[in-house]
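Everything below concerns the one structure shown next.
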Amino acid sequence: MSVCHHVLFQPLVHFLRHVSFPPDPHLLPTALKSCPALPLVRALHAATVAAGIARDPFVSSSLLRTYLRFGATPDARAVLDGMPQKTVVGWSALVAAHAAHGDTEGAWRLLKEMRRGTAGGGGGVEPNAITWNGLVSGCNRSGRARDAVVALARMHGEGVLRPDATGVSCALSAIGDLGTEAVAVGEQLHGYTVKSGCRLGFVNGKDLEAVELFREMQAQGIEPNSVTIPCVLPAFANVAALMHGRSAHCFALRKGFLHDVYVCSALVDMYAKCGRVRNARRIFDAMPSRNVVSWNVMIGGYAMHGEAKTAVRLFDSMLMCKQKPDMVTFTCVLQACSQAGLTEEGRRYFKEMQHEHGIYPRIKHYACMVTLLGRAGKLDEAYDLITDMPFEPDGCIWGSLLGSCRVHGNVDLAEVAAEKLFHLEPDNAGNYVLLSNIYASKKMWGGVNRIREMMKDMGLKKEMGCSWIEIKNKVHTLLAGDDSHPMMTAITEKLKQLNIEMRRLGFAPSTYFVLHDVEEQEKDDILAVHSEKLAVALGLISTSPGTPLRVIKNLRICDDCHEAMKFISCFEGREISVRDTNRFHHFRDGKCSCGDYW
DNA sequence: ATAGGGTTAG
């Protein structure tokens with residue numbers, strides 16, 4: 001009970017400590033900052049009027065800010081009106097607040113007023129970039145995307161202010177929501193920024209385009225800032241554009257952004273996803289302060305690389321640093337355990353998260369546990385966990401089980417899981433392919449054919465395999481069965497040569513006859529090659545001997561390619577890293593860091 | 001002082 005009271009009264013106590021009557025103009029801003037309720041703000045306001053200090057610039061701007069914090073825009077306006085000299089800051093805050101409350105008209109009126117100057121308010125005040133950006137973002141936050149676009153266009157049309165990186169990023173989320181409509185809106189407007197905004201919004205989630213746009217933005221002389229950098233880093237991470245990521249890192253260093261926890265967390269994540277856990281760790285260690293996300297991305301980074309022991313050790317340091325873990329922390333820790341086969345540790349953490357940290361497992365945590373148990377061969381236990389858990393199992397749960405069945409070649413349970421998946425996600429081609437692969441691994445060709453017929457009947461096509469490899473600052477995209485890459489002839493030559501060597505050295509082609517291979521056998525042999533092989537072949541012929549290769553792919557790596565990568569790493573004396581949807585595989589001297597366990 | 005932001009399953 002006493003704790004409860006403490007919590008309730010603390011803001012009030014803090015507030016009262018800084019309050020005096022009559023109010024002291026020097027203490028008042030601090031008091032307002034911790035003021036817990038709107039009536040108290042009004043009372044203080046009245047007291048300042050009575051004490052004759054309401055027009056003090058320090059006091060009035062604090063009052064204005066505090067009123068806006070409580071959403072009391074009319075009161076804030078009244079304060080501004082009472083100010084002898086109105087600052088751009090006061091006006092900007094009010095403009096942003098009106099826009100954020102959905103009053104676009106009011107915001108525009110204020111903007112006009114501030115320029116013209118109000119009666120007795122002295123000369124006009126020109127809006128600055130922050131005023132405009134606040135307007136754009138306010139419109140966006142109140143769900144008025146069109147207004148945001150118009151605001152940005154007008155800012156640009158004014159010609160006085162160049163839209164900066166913030167203006168662009170403010171408009172991006174707004175425009176993203178407009179979807180295709182954004183294009184129509186954008187066509188009517190002029191100005192590069194708006195067009196680029198529309199483009200980014202339109203291509204929503206297309207990382208390569210985002211990378212390209214970021215470069216264009218810089219070419220236009222719009223400098224990235226400490227917000228646009230963490231915005232664009234995930235795009236670099238997703239396509240493993242390490243060089244772009246590095247240059248963003250250098251830029252952040254020069255601009256002194258490395259004190260920003262968002263910038264650093266995004267850098268840690270980018271380096272980890274680009275295969276450079278050591279670099280990620282160096283940034284992590286140098287961070288002046290960390291939040292729960294900083295720890296999560298670092299732990300998740302180790303998990304992704306199969307360095308479970310380090311991940312777990314870092315989790316312990318996290319607790320020692322008094323950083324409270326959250327749900328994401330435990331998905332990372334459990335994922336680390338399952339990928340390294342630390343079954344007992346995983347079980348322990350699953351219990352501890354509930355009993356020691358009070359974090360109730362969500363369905364994703366159960367999915368992690370299914371993977372953990374399933375991969376350790378305890379498939380029945382995994383199945384029991386599914387039936388006992390307090391959630392209705394979803395696609396993610398059955399997918400985990402199906403994935404585990406693949407590792408252990410358990411056809412019976414795979415059929416159970418697949419049946420559920422076909423019902424839950426009838427259009428997800430990956431599930432059909434996975435079951436077919438399991439049949440194929442057992443040479444159950446009847447099953448393979450049945451699945452193929454099913455897919456044909458439903459008009460389902462497997463997702464196009466796609467890999468990215470960065471060679472000399474350029475990210476190359478390679479698609480399975482697509483020969484449009486300009487170096488295709490040389491790639492084909494290299495693959496033929498590798499195939500010959502592979503047979504000669506006794507690396508038998510996989511006995512797994514996967515679905516897409518069967519389909520594509522009818523075509524030219526070389527076109528059936530998976531995208532990661534094409535990427536590696538391109539890497540081999542375009543870089544000097546010994547250069548490590550890093551490939552990212554959009555699907556899970558197949559057994560056949562996994563074997564081939566082991567061979568190539570050995571034969572060519574290269575380190576090859578492949579990040580699939582799941583994790584990194586580091587191939588070196590004919591072995592993979594996953595221990596053939598994925 | 002007023003704008004802008006990062007992490008999570010198979």
Side-chain angles (χ1 to χ4, degrees), chain A residues 29 33 57-58 60-62 64-66 68 76 87-97 99-100 127-141 164-173 224-234 237 257 260-270 272-273 291-301 303-304 326-335 338 362-372 374-375 394-406 417 421 425 428 430-431 434 555-556 580-583 598:
Chain A
K33 232 180 194 165
F58 217 46
S60 53
S61 62
S62 293
L64 183 96
R65 257 201 320 282
T66 315
L68 290 180
T87 61
V88 65
V89 175
W91 283 111
S92 303
L94 214 54
V95 167
N128 63 15
I130 295 180
T131 321
W132 284 103
N133 292 341
L135 177 59
V136 175
S137 120
C139 293
N140 177 28
R141 273 195 294 171
D164 61 6
T166 301
V168 179
S169 57
C170 282
L172 291 185
S173 48
N225 59 25
S226 65
V227 173
T228 40
I229 290 192
C231 276
V232 76
L233 279 172
F257 293 160
D260 185 316
V261 65
Y262 289 99
V263 171
C264 288
S265 301
L267 280 171
V268 169
D269 187 51
M270 182 277 297
K273 285 189 176 145
N291 63 16
V292 65
V293 176
S294 326
W295 288 94
N296 289 353
V297 291
M298 194 65 245
I299 294 172
M304 193 188 300
D326 67 0
M327 295 181 306
V328 179
T329 317
F330 283 99
T331 59
C332 293
V333 170
L334 291 175
Q335 197 198 337
S338 74
R362 296 198 328 177
I363 198 149
K364 277 187 184 169
H365 296 108
Y366 279 97
C368 286
M369 286 307 287
V370 169
T371 308
L372 182 96
R375 288 183 179 176
D394 63 359
C396 153
I397 292 283
W398 295 117
S400 297
L401 190 66
L402 187 61
S404 307
C405 290
R406 184 201 69 91
L421 280 168
E425 313 175 331
N428 186 338
N431 297 327
L434 200 50
L555 301 172
R556 127 205 327 255
D580 68 1
T581 42
N582 209 11
R583 59 167 296 159
W598 82 93

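Computed from a predicted structure; not experimentally measured. Excluded from the calculations below are hydrogen atoms, water molecules and symmetry mates; all remaining heavy atoms, backbone and side chain alike, are included.
Checked against dA1(B), dT7(B), dG10(B), the side chain of Arg65(A) finds its nearest nucleotide in dA1(B). The Gln335(A) side chain lies nearest to dA9(B) when the options are dA1(B), dT7(B), dA9(B). Closest contact between the side chain of Ser92(A) and the listed nucleotides dT2(B), dT7(B), dG5(B) involves dT2(B). Distance from the side chain of Val89(A) is smallest to dA1(B) among dT8(B), dA1(B), dG4(B). Closest contact between the side chain of Ile130(A) and the listed nucleotides dG10(B), dT2(B), dG6(B) involves dT2(B). Side-chain proximity of Thr331(A) to the nucleotides dT8(B), dT7(B), dG4(B) is greatest for dT8(B). Here the side chain of Pro230(A) is nearest to one of dG10(B), dG4(B), dG6(B), namely dG6(B). Among the nucleotides dG10(B), dG6(B), dA9(B), the one closest to the side chain of Asn582(A) is dG10(B). Checking dT2(B), dT7(B), dG10(B) against every side-chain atom of Val293(A), the shortest atom distance belongs to dT7(B). Of the listed nucleotides (dA1(B), dG6(B), dT2(B)), dG6(B) has the atom at the smallest distance from the side chain of Ser294(A).
Across all strands shown, Ile363(A) has no heavy atoms under 4.0 Å from either base or sugar-phosphate atoms. Nucleic acid contact for Asn291(A): base, since at least one base atom lies under 4.0 Å from a heavy atom of the residue. Looking at heavy-atom distances under 4.0 Å, Thr371(A) makes contact with sugar-phosphate atoms alone, never a base. Across all strands shown, Lys273(A) has heavy atoms under 4.0 Å from sugar-phosphate atoms exclusively, and none from any base. Using a 4.0 Å heavy-atom criterion, one finds that Arg583(A) contacts no nucleic acid atom at all. Looking at heavy-atom distances under 4.0 Å, Gly395(A) makes contact with a base.
In this structure, Ser265(A) and Val261(A) have side chains that are in contact, with non-hydrogen atoms separated by less than 4.5 Å.
Distance Asp326(A) CG to dT8(B) C1': 9 Å, rounded to the nearest Å. One can place CG of Leu334(A) at 11 Å from P of dG10(B), the figure rounded to the nearest angstrom. Rounded to an integer number of Å, the gap from CG of Asn296(A) to P of dA9(B) is 12 Å. Rounded to a whole Å, the CG atom of Asn225(A) is 13 Å from the P atom of dG6(B). Summarising the geometry, the separation between CG on Leu372(A) and C1' on dG10(B) is reported as 14 Å, rounded to the nearest angstrom. Rounded to whole Å, the distance from CE on Met304(A) to P on dT7(B) is 11 Å. Atoms CZ (Arg556(A)) and C1' (dG10(B)) sit 6 Å apart, rounded to a whole Å. When rounded to the nearest whole Å, the span between CG of Asn128(A) and P of dA1(B) equals 14 Å.
Between Lys364(A) and dT7(B), a side-chain N or O to OP1/OP2 separation shorter than 4.0 Å is absent. Not one side-chain nitrogen or oxygen of Arg406(A) sits closer than 4.0 Å to the OP1 or OP2 atom of dG10(B). Taking 4.0 angstrom as the limit, Thr131(A) places none of its side-chain polar atoms (N or O) nearer than this to OP1 or OP2 of dT2(B). Contact between the side-chain N/O atoms of Asn133(A) and the OP1/OP2 oxygens of dG4(B) is not found at any separation under 4.0 Å.
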Determine, step by step, whether Asp580(A) and Leu555(A) satisfy the side-chain contact (heavy atoms from CB on, under 4.5 Å) criterion, reporting the C-alpha distance in whole Å, the side-chain angles of both residues, the deciding distance to 0.1 Å, and the verdict.
CA-CA 6 Å; Asp580(A) 68 1; Leu555(A) 301 172; over 6 Å; no
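A distance-only check finds no donor-acceptor pair linking the side chain of Asn133(A) to the backbone of Val136(A) [under 3.5 Å]. Counting only distance, with no hydrogens or angles, the side chain of His365(A) and the backbone of Met327(A) share a donor-acceptor pair below 3.5 Å.
Residue-to-nucleotide contacts include no donor-acceptor pair under 3.5 Å from the side chain of Ser400(A) to the base of dG10(B). Side-chain to base pairing of Glu425(A) with dG10(B): one donor and one acceptor N or O lie within less than 3.5 Å of each other.
Trp295(A) meets the ring pair (Phe, Tyr, Trp, His ring centres under 6.0 Å) test with Phe284(A); sequence neighbours excluded. Taking the side-chain contact (heavy atoms from CB on, under 4.5 Å) definition, one finds that Ser60(A) meets it with Val79(A), Met83(A), sequence neighbours left out.
A donor atom on one side chain and an acceptor atom on the other are not found under 3.5 Å apart for Asn140(A) and Ser137(A).
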